[in-house]
Number of protein chains: 2
Amino acid sequence: MSNTYQPPILTVDSVIFMIINDELSVLLIERADEPFKGKWALPGGYCAAGETTHAAMARILSTKAGLKTTSLSLVEQLYTFDTVARDPRGHAVSVTYMGLGEAIEIKKSSTAQKPQFFPVKKLPELAYDHGDIIKYANDRLISKISYTNAAYALLPKLFTMTQLQSVYEAILGHDLDKRNFRKKYLSLDIVEPTSDYYQEGAHRPAQLYKFKQQNLQTHSRSID
Amino acid sequence: MSNTYQPPILTVDSVIFMIINDELSVLLIERADEPFKGKWALPGGYCAAGETTHAAMARILSTKAGLKTTSLSLVEQLYTFDTVARDPRGHAVSVTYMGLGEAIEIKKSSTAQKPQFFPVKKLPELAYDHGDIIKYANDRLISKISYTNAAYALLPKLFTMTQLQSVYEAILGHDLDKRNFRKKYLSLDIVEPTSDYYQEGAHRPAQLYKFKQQNLQTHSRSID
DNA sequence: ACAAAAGTGTTAAGAATACACCCATGT
DNA sequence: ACATGGGTGTATTCTTAACACTTTTGT
């Protein structure tokens with residue numbers, strides 16, 4: 001309004017989930033400086049005038065975690081936290097995003113900030129309110145995967161029904177019945193079988209499936 | 001990062017819903033100045049350093065629309081929009097909130113900006129991207145009312161089953177079967193009958209019910 | 001007696017759950 | 001031949017959906 005208007009500091013934090021060894025895992029960075037030096041934090045940083053929050057997220061992920069946004073198959077805004085006393089520099093507002101991708105190797109050499117994935121069940125000591133943010137993201141992911149095809153973003157293009165089921169089990173945190181899961185998932189009509197098979201180990205090869213759509217779609221019934 | 005850091009402009013916009021004459025309606029203000037002079041807009045304004053977005057929303061609703069936040073039984077953050085070219089003054093980020101309340105009279109005298117409720121089916125010409133924001137809020141409301149007790153925020157403490165059903169019909173946009181609605185809603189165990197009755201017109205009086213909880217609760221099955 | 005909204009039950013179809021064995025492969 | 005994970009069907013219970021008449025009141 002007046003020419004003395006001073007906006008709050010605006011930051012962006014990202015919760016990047018991947019399934020690693022059948023566990024839902026989140027990308028964290030060890031803080032090199034105070035505050036919270038030595039603690040682990042979500043990749044985050046400042047959003048500047050003229051830069052969208054989404055662009056800021058992409059820039060920060062790339063520079064601080066060596067992760068290209070192109071490795072993420074699904075990015076969704078989560079929530080905007082008022083964090084009046086969170087940053088010692090004063091009042092800040094933090095826009096948070098959730099990103100999902102197929103498991104990849106992070107190049108540790110690309111930064112001094114040691115990006116690393118941790119299973120959400122075994123998190124280290126966290127900086128700021130990042131524990132709350134991860135909890136919020138995890139809750140959102142549980143509901144997204146229940147009523148949408150979001151699992152496509154955590155799997156390779158072709159995958160077996162067992163892999164798909166284990167993504168659900170990792171996120172929902174409980175086991176599912178194999179027969180019921182397959183029956184219901186196929187009846188949702190969002191995946192289709194391919195003519196390829198995946199052979200691994202001393203057992204029958206598994207048929208490979210793919211999602212009909214590689215973008216977020218809501219389906220009729222929910223999985224839980 | 002550096003001492004030359006300049007954050008984007010931060011604004012807050014509110015989508016206030018009430019049920020008026022059995023129609024879902026949204027609070028709008030006629031713009032007195034350019035840009036979009038004469039068009040209708042969501043109540044919104046700047047968020048300043050040291051002020052949380054929620055506090056900014058309360059202040060703006062009160063000063064621009066004469067509406068106290070205490071008239072709202074449920075306030076929920078919706079989404080944060082990057083609006084690079086939205087405000088002619090340059091890059092802005094807008095945090096949006098949805099507020100639900102029981103239908104009340106707005107004191108028009110309290111401001112020059114003519115706050116007024118419009119049915120969401122019959123909106124006037126809107127400023128900025130406020131049509132998109134209202135659509136987003138409406139979608140969120142539809143899903144919230146389907147799997148939570150959010151309807152409590154749009155009704156008086158005591159209400160009849162017919163009133164409750166008509167809240168659902170106004171939001172979902174289609175009619176529901178009276179017997180099935182009552183059976184299912186009662187089986188959710190989130191409302192309870194009182195010993196009071198509501199007598200209006202030349203017909204049998206209606207039993208009054210109340211919600212067991214006056215805060216947001218997720219329930220097991222969904223209404224649609 | 002009539003108009004107007006309140007209130008109430010049954011049946012059929014669809015969805016969810018529980019549960020155990022055979023199949024194809026490598027060693 | 002055996003170990004390993006892949007793949008499949010049925011019976012029961014629960015949930016949803018479709019549908020019409022009686023009750024209570026004021027005029």
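In what follows, every chain begins at residue 1, and chains take the letters A, B, ... in the order their sequences are listed. For clarity, every value in this text was computed on a predicted model and none was experimentally measured. All values below were derived from every heavy atom in this structure, side-chain atoms included, with hydrogens, water molecules and symmetry-related copies excluded.
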Point to revise | CZ-CG distance between B/Phe117 and B/Asn21, expressed to the nearest 0.5 angstrom | key: 12.0 Å

Exercise for review: Could you state the atom-to-atom distance from OH of A/Tyr198 to P of C/dT25 in whole Å?
Suggested key: 16 Å

Practice item. Indicate whether OP1 or OP2 belonging to D/dG9 is found under 4.0 Å from a side-chain N or O atom of A/Lys183. Key: no

Exercise for review: Walk me through it: do A/Leu100 and A/Leu141 pass the test side chain to side chain contact (heavy atoms under 4.5 Å, CB included)?
Suggested key: CA-CA 9 Å; A/Leu100 306 179; A/Leu141 179 59; 3.9 Å; yes

Review point. Taking NZ, NE, NH1 and NH2 as the nitrogens, is one of them in A/Lys157 or A/Glu102 under 4.0 Å from a carboxylate oxygen of the other?
Key: no

Review point. Phosphate oxygens OP1/OP2 of C/dA16: is one of them under 4.0 Å from a side-chain N or O of A/Lys184?
Key: yes

Exercise for review: Report the nucleotide, chosen from D/dG7, C/dT25, C/dA6, that has the shortest atom-to-atom distance to any side-chain atom of B/Arg204.
Suggested key: C/dA6

Check your understanding: C/dT17 phosphate, OP1 or OP2: any side-chain N/O from A/Arg179 under 4.0 angstrom?
Key -> no

Exercise for review: Look at all strands and tell whether A/Gln199 reaches a base, only sugar-phosphate, or nothing, counting heavy atoms closer than 4.0 Å.
Suggested key: sugar-phosphate

Revision key, fill the gap. Among the nucleotides C/dT8, D/dT16, D/dC19, whichever has the atom closest to the side chain of B/Asn180 is D/dC19

Exercise for review: May I ask you to list the residues of residues 154-167 of chain B, by number, that have any heavy atom positioned under 4.0 Å from an atom of DNA chain D?
Suggested key: none

Practice item. Quick one: list whatever passes side-chain contact (heavy atoms from CB on, under 4.5 Å) with A/Asn215, sequence neighbours left out. Key: A/Gln213, A/Gln217

Check your understanding: Of the nucleotides C/dA6, D/dT24, C/dA24, which has the atom closest to the B/Arg182 side chain?
Key -> C/dA6

Study note, to complete from the structure: Comparing nearest nucleotides in DNA chain D, the 5'-proximal residue of the pair B/Ala202, B/Ser222 is B/Ser222

Check your understanding: Has A/Gln199 got more than 12 heavy atoms of other residues, nucleotides or ligands less than 6.0 Å from its CD?
Key -> yes

Point to revise | Nucleotide nearest A/Gln207 (side chain, heavy atoms from C-beta), chosen from D/dG7, C/dA5, D/dT16 | key: D/dG7

**Study point:** A/Glu30 with A/Lys39: basic N within carboxylate O range, under 4.0 Å
**Key:** no

**Study point:** A/Arg221 CZ - D/dC14 P separation (whole Å)
**Key:** 19 Å

